[in-house]
Amino acid sequence: MPSAGLPARAAALSLISGVTLHGRLLSELLPKTVEHLPEGDRARAQRLASDTLRWMDRADRALGPFLRSRPTDRALNILRLGAVELAHDPGSAHGIVSDAVDLAGASPETKRQSGLVNAVLRKIAQAGPEGWSGLPVPRLPKWLRKPLLADYGRATVEAIEAAHSAGAPLDVTPKDGDAARLAERLGGTVLPGKSVRLSGRTHVSVLDGYSSGDWWVQDAAAAFPARVLAAQAGEAVLDLCAAPGGKTMQLAATGASVTAVDSSEKRMARLHENLARTGLTAEVIVADALKWKTEARFDAILLDAPCSATGTIRRHPDLPYAKIG
């Protein structure tokens, strides 16, 4: 009988392989990969995939001494997933190894490597967290690391890599603007600008007030532009590059009449979901802002263009591995 954790691990493996083997982004893969899972398993699959991609370089270093040759791509991703999960949850070693073996046995590509997966992950489990923590901070892929070294030097690049491995904090924005009350409710810390920072690793969807739309996930820095704009009730405001909608919801919560424009249909679907969950309203338009035309007039326009700096890797560890060529 399959274990309770197998569906989430299987979905995580599909996500990891989609990124590393096909150059896809997690944001593209997630809807179809996890839509069949219960909410808790969807969150767990995403977390496992993100953790594995974030720590993949260290996982490869941990696995190296136990591999005489490189296994198939799928088997290697199973081993990476298992190694990272063993490092973060050593108390669940039996279930982790057992599910990894089941994942290997489920595909003709890796069925004959089930024994290898079992043996290697058992050795990783025996080494314990100490063997993992003694390894270097994960390095960026060579295609990205090499030019950064040339431009900024080793010390700066290693500091960047340390920041990436630490991951991004979880910040949320209260719908009613009462950050102090939300921080008390969720056990978080109030940040400048009325954001709340949560501590620990948790499934966002199970937190108090998520399903009722009392707050939404939004980086504290990303929340500042809308607060500086200070939209007023009744004003017409245009939000360009709007998806996935944190700033749109901030603007709508003031009582402003908001028009949200973004070129990504998939990301705008998330905005629709977020608006429905929070009970806020906005006119949502999928269009290229450079080509979109309207006769409407606006009291204010907010453009917080997407960031392409390396700091985005801290929250999106799939980015360095979604590059092909």
Side-chain angles (χ1 to χ4, degrees), residues 1-20 22 24-55 74 77-78 80-107 110 121 167-168 170 172 175 185-188 198-218 243-246 249 265-279 315-318:
M1 181 177 179
S3 77
L6 186 59
R9 290 180 175 120
L13 176 62
S14 294
L15 293 170
I16 296 163
S17 295
V19 173
T20 60
H22 305 294
R24 303 282 298 281
L25 293 169
L26 282 179
S27 58
E28 300 175 43
L29 296 165
L30 277 166
K32 291 185 178 180
T33 306
V34 303
E35 64 183 359
H36 64 288
L37 297 175
E39 190 170 314
D41 281 349
R42 290 200 298 268
R44 186 180 185 187
Q46 183 174 359
R47 175 178 58 79
L48 289 174
S50 295
D51 284 351
T52 301
L53 293 166
R54 188 182 309 282
W55 293 98
R74 187 174 189 275
N77 281 336
I78 292 171
R80 287 165 167 166
L81 174 62
V84 171
E85 198 172 0
L86 285 168
H88 293 156
D89 187 15
S92 301
H94 177 76
I96 294 168
V97 175
S98 177
D99 280 359
V101 173
D102 286 346
L103 288 173
S107 169
T110 52
L121 290 183
L170 179 61
V172 301
K175 177 180 174 180
R185 182 176 173 184
L186 299 179
L198 307 183
S199 58
R201 296 160 62 91
T202 186
H203 296 327
V204 171
S205 58
V206 303
L207 292 176
D208 183 23
Y210 175 82
S211 60
S212 56
D214 297 343
W215 50 267
W216 55 86
V217 176
Q218 184 180 25
M249 290 184 287
E265 186 172 354
K266 290 182 179 179
R267 284 165 54 82
M268 286 300 253
R270 291 176 57 195
L271 175 50
H272 278 293
E273 292 171 1
N274 285 327
L275 288 171
R277 181 174 58 84
T278 57
R315 188 171 296 284
H316 303 287
D318 53 317

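All of these numbers come straight from a predicted model, not from anything done at the bench.
- Counting heavy atoms from C-beta outward, L29 and S14 have side chains that stay 4.5 Å or more apart.
- The two residues G246 and Q218 make their nearest non-hydrogen contact at C-NE2, 3.3 Å.
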Verdict with reasoning, R74 to N77, per side chain to side chain donor-acceptor pair (under 3.5 Å): CA-CA 5 Å; R74 187 174 189 275; N77 281 336; over 6 Å; no
side-chain contact (heavy atoms from CB on, under 4.5 Å) between L207 and V172, worked out: CA-CA 11 Å; L207 292 176; V172 301; over 6 Å; no
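- For the pair K175/W216, a side-chain contact is recorded, criterion being any heavy-atom separation below 4.5 Å from C-beta on.
- At distances below 3.5 Å, at least one donor-acceptor pair connects side-chain atoms of S212 with backbone N or O atoms of G209.
- Atom-to-atom distance recorded for D99:CG and L121:CG is 11.0 Å, nearest 0.5 angstrom.
- Residues L6 and L103 are in side-chain contact: their nearest non-hydrogen atoms beyond the backbone lie under 4.5 Å apart.
- What you find for E85 and L48 is that their closest heavy atoms are CD-CD2, 3.8 Å.
- Shortest non-hydrogen contact noted between V204 and V217 is CG1-CG2, 3.7 Å.
- The heavy-atom pair separating L26 from A49 by the smallest distance is CD2-CB, 4.4 Å.
- Contact check for Q46 versus L30: side-chain heavy atoms found under the 4.5 Å cut-off.
- For the pair G187 and S199, the tightest heavy-atom approach, listed with the atom from each and the gap, is O-OG, 4.2 Å.
- With rounding to the nearest 0.5 Å, the separation of CG in L81 from OG1 in T52 is 4.5 Å.
- In this structure, the side chains of L53 and T20 come closer than 4.5 Å at one or more pairs of heavy atoms.
- Checking side-chain atoms of W215 against main-chain N and O of D208 turns up a donor-acceptor pair under 3.5 Å.
- Residue L37 comes nearest to A45 through the heavy atom pair CD1-CB, 4.4 Å, listed as atom of the first residue, atom of the second, then distance.
- Using a 4.5 Å heavy-atom cutoff, the side chains of N274 and M249 are in contact.
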Test log, rule side-chain contact (heavy atoms from CB on, under 4.5 Å), inputs I16 and R80: CA-CA 9 Å; I16 296 163; R80 287 165 167 166; 5.7 Å; no
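- A distance-only check finds a donor-acceptor pair linking the side chain of R277 to the backbone of Y210 [under 3.5 Å].
- One distance of note links CG of L13 with OG of S107; it measures 9.0 Å at 0.5 Å rounding.
- Side chains of D41 and V34 form no contact here, defined as non-hydrogen atoms less than 4.5 Å apart.
- Atoms NE2 and CD, from H22 and E28 in turn, are 12.5 Å apart once rounded to the nearest 0.5 Å.
- If you take NE2 on H316 and CZ on R54, they are separated by 10.0 Å, rounding to the nearest 0.5 Å.
- A salt bridge between R9 and D102 is absent, with no side-chain N of the basic residue lying under 4.0 Å from a carboxylate O of the acidic one.
- Expressed to the nearest 0.5 Å, how far CG of L198 lies from CG of L186 amounts to 5.5 Å.
- Looking at R267, its side chain does come within 3.5 Å of a backbone N or O of A243 through a donor-acceptor pair.
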